[in-house]
Amino acid sequence: NSIRIPRKFLQELDFFYTIELAPFPKILPMDRNNHYMLSIPALETPDKYILGPSLSYLFSALSVRNITKVYSLMLLDSQLVFISKDPTRLTLSILAAVNILNPFEPCVVIMPVIPNNENFLPLLDSPTPFIIGVVVNEEGLQLHPESEITVINLDTDTIIERKVTPIFPDYEKVEEQINLLFELHKAKIIPPPKFIKKGIIKKDLEDNPDFDAFIERTSGFAFPQLTIYNDPPKYILTEAVNDQVVDAFRKGLPETISYLMNP
């Protein structure tokens, strides 16, 4: 009885309660216009369902170069701490980073977010590899001077590492593919400004109809539209772009390793 549910969550929950389901066929229409389909069993792998709503946040927070660096650090089982003031950006970015590793699986402890207090921060003193997220304030995160933890700041797009580690082979090809992909599809994946100037005064703004139209085109199942409308990330990737970004990583290092192992 003491739990208070945020209004945004209730509105999204109400959307799912309005969905009408057919009696039993394997493919079930999920709304009056049949735009969304519920498939039993699932049509895609679990990692794709996670990457759908999360990959946009990772690429909105970090540059392509820093993402390839994080990819390499995860492969090397480094101790990684992601920090951000925004819990949504933090948790979704970590989930995206871990899932683009597929077919590799990190053999580390993964905690998308831990409370930033003295009861939980001692977890960072663990000698084992980990990927942990911490919500921070203006002061950031203070680590022991001798700590070898690498800190990925999602708010400033920076990586602070105490010992230099290499980036995986042929990473330039992966970066080139992704940068070209984003340039080709920028009109579809970069939200227009939410407001436009109405007059000469800087504060005199009005809603931008192009922004509203862009949000309407986004998938309600990949992103809660209310959340995206209130605080859109830099990129909102379409399903096709999502798939091609993931494909760029999966044809990078994995195929290089496969080629070297085949002989």
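Here the side chain of S60 pairs no donor or acceptor atom with the backbone of P233 at under 3.5 angstrom. Proximity of a side-chain donor or acceptor of S84 to a complementary backbone N or O of D86 within less than 3.5 Å is detected. With hydrogens and angles ignored, the 3.5 Å screen pairs a side-chain donor or acceptor of N242 with a backbone N or O of L51. Of the possible donor and acceptor atoms, one in the side chain of N208 sits under 3.5 Å from a partner among the backbone N and O of P193. Between the D155 side chain and the I83 main chain, no donor and acceptor come within less than 3.5 Å of each other. In this structure, the side chain of S72 engages the main chain of T68 through a donor-acceptor pair within 3.5 Å. In this structure a side-chain-to-backbone donor-acceptor pair under 3.5 Å is missing from S147 to L143.
Around CD of E172, the count of heavy atoms belonging to other residues, nucleotides or ligands within 6.0 Å exceeds 12. Atom CD of E206 has more than 12 heavy atoms from other residues, nucleotides or ligands within 6.0 Å.
Hydrophobic clustering of Ile, Leu, Val, Met, Phe, Trp and Tyr side chains at less than 4.5 Å, counting indirect connections, keeps V113 apart from I149. In terms of hydrophobic clustering, with Ile, Leu, Val, Met, Phe, Trp and Tyr side chains grouped at heavy-atom distances under 4.5 Å, L76 and V109 are assigned to different clusters. Grouping the Ile, Leu, Val, Met, Phe, Trp and Tyr side chains by contacts below 4.5 angstrom, directly or via other members, places F130 apart from I110. Two different hydrophobic clusters hold L121 and F82 under the rule that ILVMFWY side chains link at heavy-atom gaps under 4.5 Å. In the hydrophobic clustering of ILVMFWY residues, with side-chain heavy atoms under 4.5 Å counting as a link, V135 and I160 come out apart.
One distance of note links CG of D243 with CZ of R250; it measures 9.0 Å at 0.5 Å rounding. In this structure, CD on Q79 lies 7.0 Å from OG1 on T128, to the nearest 0.5 angstrom. Within the model, atoms CD1 of I236 and CZ of F214 stand 4.5 Å from one another, a figure rounded to the nearest 0.5 Å. Atom NZ of residue K48 and atom CG of residue N102 lie 12.5 Å apart, to the nearest 0.5 angstrom. Summarising the geometry, atom NZ belonging to K251 is positioned 13.5 Å from atom NZ belonging to K173; distances are rounded to the nearest 0.5 Å. If you take CZ on F182 and CD1 on I189, they are separated by 5.0 Å, rounding to the nearest 0.5 Å.
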Worksheet entry | Check against side chain to side chain contact (heavy atoms under 4.5 Å, CB included), D207 and I196 | CA-CA 6 Å; D207 292 340; I196 53 178; over 6 Å; no
Item to complete: Decide yes or no on salt bridge (charged side-chain N to carboxylate O under 4.0 Å, His left out) for E183 and K186, but give the supporting numbers first.
Response: CA-CA 5 Å; E183 182 63 28; K186 61 183 179 182; 3.0 Å; yes
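A salt bridge is defined here as a Lys NZ or Arg NE, NH1 or NH2 lying under 4.0 Å from an Asp or Glu carboxylate O, and E175 with K69 fails to meet this definition. Salt-bridge annotation for E148 and K163: present, with a side-chain N of the basic residue lying under 4.0 Å from a carboxylate O of the acidic one.
Taking all atoms of both residues into account, the shortest heavy-atom contact from S54 to L92 is CB-O, 3.3 Å. Contact between Y71 and I100 at its shortest, heavy atoms only, is CE1-O, 3.5 Å. Shown here for I228 and F211, the closest heavy-atom pair between the two residues is O-CZ, 4.5 Å. In plain terms, the two heavy atoms of N137 and K85 that are nearest each other are O-CE, 4.2 Å.
Two residues are said to be in side-chain contact when any heavy atoms from C-beta on lie closer than 4.5 Å; L90 and L154 meet this criterion. A 4.5 Å side-chain heavy-atom check between M74 and P106 finds every atom pair outside the cut-off. Side-chain contact between L62 and V70 is present, with at least one heavy-atom pair separated by less than 4.5 Å. Looking only at side-chain heavy atoms (C-beta outward), I159 and V151 stay at 4.5 Å or farther from each other. Between T165 and E161, the closest side-chain pair of non-hydrogen atoms falls below 4.5 Å. Inter-residue side-chain proximity for N66 and I152 is flagged as unmet; no heavy-atom pair is nearer than 4.5 Å. Here the side chains of Y235 and V241 are not in contact, with every heavy-atom distance at 4.5 Å or above. Contact annotation: the side chain of T150 never approaches that of V81 to less than 4.5 Å [non-hydrogen atoms, C-beta and beyond].
Counted by atom type alone, T45 and D47 present one or more donor-acceptor pairs between their side chains at under 3.5 Å.
Figure legend: K194 and Y229 shown as a cation-pi pair, the cationic atom lying under 6.0 angstrom from the six-membered ring centre and within 45 degrees of its axis.
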